[in-house]
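Not measured: the values here are computed from a predicted model.
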Amino acid sequence: MLDALTVAVAVAALALAAWCGLAAYRDQPTKDWHFIGMAVVLLLALAQLVVGIVRLAAGERPEQGLAIFIAYLVGAFLAVPAAGFLSLTERTRWGSVTVSAGAVVLAVLEVRLYDIWGG
């Protein structure tokens with residue numbers, strides 16, 4: 001995996017978590033700007049998914065197993081969109097909390113992906 005991309009995804013996810021956490025603190029639901037932020041994080045996660053697949057196709061293998069790596073890679077890609085979808089169904093401050101939690105989950109998954117790959 002690309003270390004710089006992993007760090008970028010984790011930092012962007014934590015920034016999104018802080019931003020949505022601030023909205024929840026202010027008793028606000030997710031707004032259009034939050035969804036733009038989620039899209040940016042999703043694009044970074046998509047880039048990581050593509051890089052992971054390309055590296056696997058090139059014959060490189062993670063140290064801790066292929067199946068667990070693929071599961072974490074797909075889970076990292078889906079964490080923020082799932083939280084964003086749930087925030088659409090909960091149009092209160094708890095929608096912002098959901099996105100914030102999903103972004104923190106993504107950051108944790110990034111650390112785990114780094115470990116699985118052999119970092």
**Message:** To the nearest 0.5 Å, what is the distance between CG on D115 and CD1 on I68?
**Reply:** 10.5 Å

**Item:** Distance in Å, F69 CZ paired with R55 CZ, rounded so as to fall on 0.5 Å steps
**Value:** 8.5 Å

**Prompt:** Quick check: are there more than 12 heavy atoms from other residues, nucleotides or ligands sitting under 6.0 Å from CG of D32?
**Reply:** no

**Request:** Decide side chain to side chain contact (heavy atoms under 4.5 Å, CB included) for V80 and V99; before the verdict, give the C-alpha distance in whole Å, the side-chain angles of both, and the deciding distance to 0.1 Å.
**Result:** CA-CA 7 Å; V80 171; V99 174; 5.5 Å; no

Heavy-atom pair with the smallest gap, counting every atom of [X] and [Y]:
X    : Y    : result
P62  : L56  : CD-CD2, 3.8 Å
I116 : G65  : CG2-O, 4.2 Å
L73  : L113 : N-CD2, 3.7 Å
E110 : A76  : OE2-CB, 3.8 Å
A12  : L44  : CB-CD1, 3.6 Å
A79  : L109 : CB-CD1, 4.5 Å

**Asked** Under 3.5 Å, side chain of T98 to main-chain N/O of L86, donor-acceptor pair present?
**Response** no

**Asked** Within the side chain of R93, is there an N or O that forms a donor-acceptor pair under 3.5 Å with the backbone of D27?
**Response** no

What residues form a side-chain hydrogen bond (donor to acceptor under 3.5 Å, both in side chains) with [X], not counting sequence neighbours?
X    : result
E90  : T92
R112 : Q64
T30  : S87, R91

Which residues pass the side-chain contact (heavy atoms from CB on, under 4.5 Å) test with [X], sequence neighbours left out?
X    : value
L42  : F77, P81
A101 : none
L14  : A107

When you group the ILVMFWY residues by side-chain heavy-atom contacts below 4.5 Å and let the links chain together, are [Y] and [X] in the same group?
X    : Y    : value
V105 : F85  : no
Y72  : Y114 : no
I53  : L78  : yes
L106 : L2   : yes
L88  : L16  : yes

**Asked** To which residues is V11 joined in a hydrophobic cluster, defined by side-chain heavy-atom contacts under 4.5 Å among Ile, Leu, Val, Met, Phe, Trp and Tyr, whether direct or through other members?
**Response** V7

**Asked** Should side-chain heavy atoms under 4.5 Å link Ile, Leu, Val, Met, Phe, Trp and Tyr, which residues sit in the same cluster as W94?
**Response** V97

**Message:** Please list all pairs meeting ring pair (Phe, Tyr, Trp, His ring centres under 6.0 Å) that have one or both residues in residues 26-45, counting only residues at least two apart or in different chains.
**Reply:** W19-H34

**Request:** Evaluate side-chain hydrogen bond (donor to acceptor under 3.5 Å, both in side chains) for T6 paired with Q48, printing each intermediate quantity in order.
**Result:** CA-CA 7 Å; T6 302; Q48 185 177 46; 3.2 Å; yes

